[in-house]
Amino acid sequence: MASPFFPDVENIAYEGPDSDNPLAFRWYDPGRVVAGKTMEEHLRFGVCYWHSFAWDGSDIFGSGTLDRPWNPATASGAAASMAPMYAAKAKMAAAFEFFEKLGAPFFSFHDIDIAPAGATFRESADNFAEMVEEAAGHMERTGTKLLWGTTNAFSHPRFMAGAATNPDPAMFRYAAAQVTACLNATHRLGGSNYVLWGGREGYETLLNTDMKRELDQLGRFLNMVVEHKHAIGFEGALLIEPKPMEPTKHQYDYDVATVYGFLQRYGLQDEIKVNIEVNHATLSGHDFHHEVATAVNNGIFGSVDANAGDDRLGWDLDLFPKSVEQMTLGMLEILRGGGFTTGGLMFDTKLRRQSTDRNDLFHGHIGGMDVMARSLLAAQRILDVDELEQWRSARYSGWSSDEGTAIMSGDVTLAQLHEQQLADESEPAIQSGRQEFLENVVARSIERAH
């Protein structure tokens, strides 16, 4: 384990669209300037720790398949008997080797991804604190930064009925202790954000669920997190990650609009934003760009988990992004909203169980980064050409008229509009929405973006 985990791979470089080198970028050129910012500054790529290094390739139908020697379930020989903290440090060394060779400026983690559990909470906290210092050393050595930290308060059986929404306050206390430790660690490591994904904050059946009580508990929990953030001086953003279902039947953070309503209900709309995952958006019945636009319009856009699902499968697949069209529309809304501030594009993605070569992890991330870079170029071209925006503005131009202004300023009542319509015997003229034309504008921008 002292030798490189990826000995066959050198630092990944940009070689251009004509390159046939599978271990090179074709579109992602970190230093290329697009609309006044480099690609690296626009995209703020990150690698997730859990799928890439903590997961062994297992699923509910079969055991692990991936070559992860620090994982006792898939290790063999001497590696199978590694002490837990030694294994955690070996895993971390391999992770930072990957981050550095890929050239991703950020990473993210759950607390349990980087440190083994102990026999007690105190022992787990001590293990975590030691691994946080280990991460700090790697970060200083490689220059890799933390996009966000988060707490896994959903995998352990203690959280089978939720964490903040658990019917037992002892479980609420345990989750609060975990979040405290992980938020402190994120602050210690200079993280840009802290993510709260309510993995089991929801219900399977209303027969045993007091929904109002659980939502009040969740609101109180998040207010406590906000209070602690300010108490320790953490300047990053707090982010909720919406998801409609899985693992529970109904998640309380169903989609961006649901989260915004919840934040307003509990006085959190100025304190917490959203981390939008592409696959979660499509599971909720929305397009990715719809969720981004909803967040931007309500002032709660924070960050993105860049991945993909499958239209024929109704669960969370965490595929690497591969549709330039889908991601172009998402990037268009991000750019319209001013781009990322604290957030970025985190690859919450995992290999397929049959992709067992260590270097497959590079292929997946290289492809995903190229898709997002090409999508950035296409989205910026749409804005530069301005054809889309001109047509959208023209469609709503009537609202700049005297009539439109009077309606929106409150100078006219519903009854007055009724009287005006009675006096006007003409039929309002309809106009085409020109959807197909505008879809072709997007297609041309993708074709011509270089």
* Structure fact -> Nearest heavy-atom contact between L263 and Q269 is O-OE1, 3.2 Å
* To do: First locate atom CE of M346, then atom OG of S108, and finally report the distance between them rounded to the nearest 0.5 Å.
  => 3.5 Å
* Is it true that atom CG of D59 has more than 12 heavy atoms of other residues, nucleotides or ligands lying nearer than 6.0 Å? -> yes
* With a 3.5 Å cut-off and no angle check, do the side chains of Y174 and Q178 form a donor-acceptor pair? -> no
* To do: Could you walk me through whether N193 and L146 pass the side-chain contact (heavy atoms from CB on, under 4.5 Å) test, one step at a time?
  => CA-CA 8 Å; N193 310 271; L146 179 63; over 6 Å; no
* Can you list the steps and then say if M369 with L102 is a side-chain contact (heavy atoms from CB on, under 4.5 Å)? -> CA-CA 10 Å; M369 292 164 81; L102 182 65; 3.9 Å; yes
* To do: From the options T150, T186, T151, N275, select the one residue that forms a side chain to side chain donor-acceptor pair (under 3.5 Å) with Y194.
  => T151
* Asked: If you count the non-hydrogen atoms of other residues, nucleotides and ligands that lie under 6.0 Å from CZ in R141, is the total more than 12?
  -> yes
* **Step-by-step side-chain contact (heavy atoms from CB on, under 4.5 Å) determination, L332 to L383** => CA-CA 8 Å; L332 178 61; L383 293 177; 3.6 Å; yes
* Identify the two heavy atoms, one from F109 and one from C182, that lie closest to each other, and give their separation to 0.1 Å. => CE1-SG, 4.1 Å
* **Sole residue of T349, D113, D348 in side chain to side chain donor-acceptor pair (under 3.5 Å) with H51** => D348
* Salt-bridge test for E246 and K243: reply yes if a basic N is under 4.0 Å from a carboxylate O, no otherwise. => yes
* Could you tell me whether R434 sits above the aromatic face of W391, with NZ or CZ closer than 6.0 angstrom to the six-membered ring centre and within 45 degrees of the axis? => yes
* Asked: Does the side chain of N152 pick up a donor-acceptor pair with the side chain of S155 at under 3.5 Å?
  -> yes
* Applying side chain to side chain donor-acceptor pair (under 3.5 Å), run through N307 and D318 and close with a yes or a no. => CA-CA 6 Å; N307 61 14; D318 295 324; 2.9 Å; yes
* For the side chain of K273 and the backbone of L238, is there at least one donor-acceptor N/O pair under 3.5 Å apart? -> no
* Side-chain donor-acceptor pair under 3.5 Å between N297 and T294, yes or no? -> no
* Can you name the closest pair of heavy atoms from A281 and S284 and give their distance? -> O-OG, 2.7 Å
* Return yes when atom NZ of K249 has more than 12 non-hydrogen atoms of other residues, nucleotides or ligands closer than 6.0 Å, and no otherwise. => no
* Asked: Do the two ring centres, one from F347 and one from F45, sit under 6.0 Å apart?
  -> yes
* **F262 and Y266 aromatic ring geometry - parallel, tilted or perpendicular at 30°/60° bounds** => tilted
* Over 12 non-hydrogen atoms of neighbours within 6.0 angstrom of CD in E204 -> yes
* Are F98 and F5 an aromatic pair by the rule of ring centers under 6.0 Å? -> no
* Asked: Is it true that R220 and E227 make a salt bridge, defined as a side-chain N closer than 4.0 Å to a carboxylate O?
  -> yes
* Asked: Hey, mind stepping through E271 and H230 against side chain to side chain donor-acceptor pair (under 3.5 Å) and telling me if it holds?
  -> CA-CA 10 Å; E271 296 285 355; H230 292 304; 3.1 Å; yes
* To do: Could you grab the distance from atom CZ of R352 to atom NZ of K350, nearest 0.5 Å is fine?
  => 6.5 Å
* **Q326 CD to S375 OG distance, which is reported to the nearest 0.5 Å** => 9.0 Å
* Output yes when D370 and R374 qualify as a salt bridge under the 4.0 Å nitrogen-oxygen rule, no when they do not. => no
* Asked: Taking atom types as modelled and ignoring hydrogens, do the side chains of D56 and N71 form a donor-acceptor contact shorter than 3.5 angstrom?
  -> no
* Around H418, counting heavy atoms of other residues, nucleotides and ligands shown, do more than 12 lie under 6.0 Å from its NE2? -> no
* Mutual orientation of the aromatic rings belonging to W148 and W50 [parallel < 30°, tilted 30-60°, perpendicular > 60°] -> tilted
* Asked: Does the pair E235/K229 count as a salt bridge with the N-to-O cut at 4.0 Å?
  -> no
* Identified ring-ring contact (aromatic ring centres under 6.0 Å, His included) counterpart of H138 within the set F99, Y49, F96 -> F96
* Considering non-hydrogen atoms only, spot the tightest contact between I446 and E325 and give its length. => CD1-CA, 3.7 Å
* **Criterion ring-ring contact (aromatic ring centres under 6.0 Å, His included) against H110, the qualifying member of F154, F53, W197** => F154
* Donor-acceptor pair, side chain of D67 and main chain of R358, under 3.5 angstrom -> no
* To do: Give the minimum heavy-atom separation between K101 and F6, together with the two atoms involved.
  => NZ-O, 2.7 Å
* To do: Going by the side chain to side chain donor-acceptor pair (under 3.5 Å) test, name the single residue among T165, T248, N166 that passes it with E201.
  => T165
* Between V179 and H228, is a side-chain contact (heavy atoms from CB on, under 4.5 Å) present by the stated rule, with each step listed? -> CA-CA 10 Å; V179 170; H228 187 68; over 6 Å; no
* To do: Report yes or no: do Y203 and E214 form a side-chain donor-acceptor pair below 3.5 Å?
  => no
* **Side chains of H280 and D305, donor plus acceptor under 3.5 Å** => no
* Charged N to carboxylate O under 4.0 angstrom, E130 versus K89? -> yes
* Asked: In terms of ring plane angle, is the pair F320 and H365 parallel, tilted or perpendicular, where the classes change at 30° and 60°?
  -> perpendicular
* Asked: Is the backbone of V304 close enough, under 3.5 Å, to the side chain of E277 for a donor and an acceptor to pair up by distance?
  -> no
* To do: Determine whether more than 12 heavy atoms belonging to other residues, nucleotides or ligands lie under 6.0 Å from atom CE of M408.
  => no
* Asked: Where do A153 and A175 come nearest, in terms of heavy atoms and distance?
  -> CB-CB, 4.4 Å
* Would one find more than 12 heavy atoms of other residues, nucleotides or ligands at under 6.0 Å from atom CZ of R173? -> no
